[in-house]
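Down below is the structure, laid out as structure tokens.
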Amino acid sequence: MKPSRALELNVLAESGLNFLSMTLTAPLIFPEDDGYFETSQTLNLRYAHKRPAAIARCKTPDDVAQCLAFCHEYDFPFAMKSGGHSYAGYSTTDGLLLDMSAMNTCTYDPDTGILHVEGGARILDVLTTLEPHNRAITHGRCSTVGVSSMVMGGGSGFNMRRNGMGCDKVVAVELVTVEGDLCTVTADSDPELFWACRGGGAGQFGVTTGLKIQTFPATKVTVFSFEWHDAPAKALHQVMTLLNDSPNAFGSRVALARRSADQPVVATCLGQFHGDAETVRAFFASLAPSDVSEIQTLSYRDAQVYLDEVLDPLYFHESSMYVADTPCLDFLERGQAYLQDWPGTAGEVDLRYFQTGGVINDVAQDATAFPHRDTRWLMVTGLTWDETDSKDSIDRSLAWQKKFYASALPTGTGGSYANLLDPTLDKWANAYFKANLERLSAVKQRMDPDGLLARPQMVPLPKKQLEPAE
């Protein structure tokens, strides 16, 4: 083994890595090996400086179990990566990276309508598998997101108002425990663990190596995109008010955005409708004339290509909060002014809302670990920058973003989306899990009593002081 390492290794750990490399299905990748940089890359470049001492290309649950055993024996840090989209960089490590991307097989059972996905499958893999069957699951727009991590944290997307959160449709979870056991968790085999896995967050109770998800029909959908340049806050309030009580077949994302520091604020609306274009045109007919207007009916797969958010690695920070109703015009005008006062980076900024509600809110708060069942919108403040920006300019923009987010907190439910991990979030455990926190902590105690799976913003163990749930 060559000496270059992201983590300074002792002799025993180095020997253990050598032995582990020989026992896995594929040898470990070390910093000097081909493919190391690409495999260790993460979406958020803020955390790109943290590079693993070695990468395990897990191909089987046994590979995962062996890696966990090594990390336990040598007290060796590790992280798991399926899509690499951890907003807070929690899929990076200076220890052992468990890369799940080779475990990406998806199979569909037409008799039951159940999709089986391996732990490293991404949204694109699911879309490809289900396209011939005209079926779908709830999924996000970015096709490179890891499905298991997305679903374990809740699983949002344009289908959620009509068909529920991704976690609501899970019927079985295949999990490698910290003891190295492979178990299939269902409502019958272990009701409490099954409950926790649906919305409690990825990597909390073991390593997910597979999921079984109930699919639903998906044929043609109508996609739509609008943009308003004049009076953007007023235009956004009008479209949000209209969408607030829209049929569940609508899914949308609306925003106020500045695409660069030298461009003005614009309002945007993007989404899909399970139905025909004429219904969409009639629904939006009362809106102010838009500068951009696209409405077209496509096959489900083509619609997802249209909606796909193709992301290359970038520097960013986002903070989220759930809100119970459409914000008032005064608040959106304050948001417009906030964006106009942006100190500026080489990136872009926005104030974004993802439409929730629908059948999501028909589910009890404690039916799954995902607790946010009383909302209409998920608000996100977004900021990006690049390597040309100075530390001072980045810090100014981050402080500006944090100030607005803090001022908006009284308008929210107190909840935040655990899949949009925010390392700056105060009282994050309550915000992510709300009244389900204590119950989740009890499951965490049973499944990971020694904290092998510990990382920042992990479900806390009961012995630690918990904040009162709201």
### Query
Less than 4.5 Å apart, any side-chain heavy atom of S148 and any of M100?
no

### Task
Taking atom types as modelled, find out whether T388 and D386 have a side-chain donor-acceptor pair closer than 3.5 angstrom.
yes

### Query
Going by an N to O cut-off under 4.0 Å, is there a salt bridge joining E318 and R352?
yes

### Task
In plain terms, say whether K212 and E174 are close enough for a salt bridge, that is, a side-chain N and a carboxylate O under 4.0 Å apart.
no

### Task
Indicate the ring-plane relationship of Y338 and W400, choosing parallel, tilted or perpendicular according to the 30° and 60° boundaries.
parallel

### Message
Testing the 3.5 Å rule here: is there a donor-acceptor pair between the side chains of D422 and Q457?
### Response
no

### Message
Can you tell me if H72 has over 12 outside heavy atoms packed within less than 6.0 Å of its NE2?
### Response
no

### Summary
Paired with S149, the side-chain hydrogen bond (donor to acceptor under 3.5 Å, both in side chains) test is passed by just one of S82, S91, S86, namely S82

### Message
Under a 4.0 Å threshold between the charged nitrogen and the carboxylate oxygen, would R373 count as salt-bridged to D168?
### Response
yes

### Query
Do V363 and F370 come within less than 4.5 Å of each other through their side chains, counting heavy atoms only?
no

### Query
Are R253 and D350 ion-paired here, with the side-chain N under 4.0 Å from a carboxylate O?
no

### Query
Got a salt bridge between D63 and R57, using NZ or NE/NH1/NH2 to carboxylate O under 4.0 Å?
no

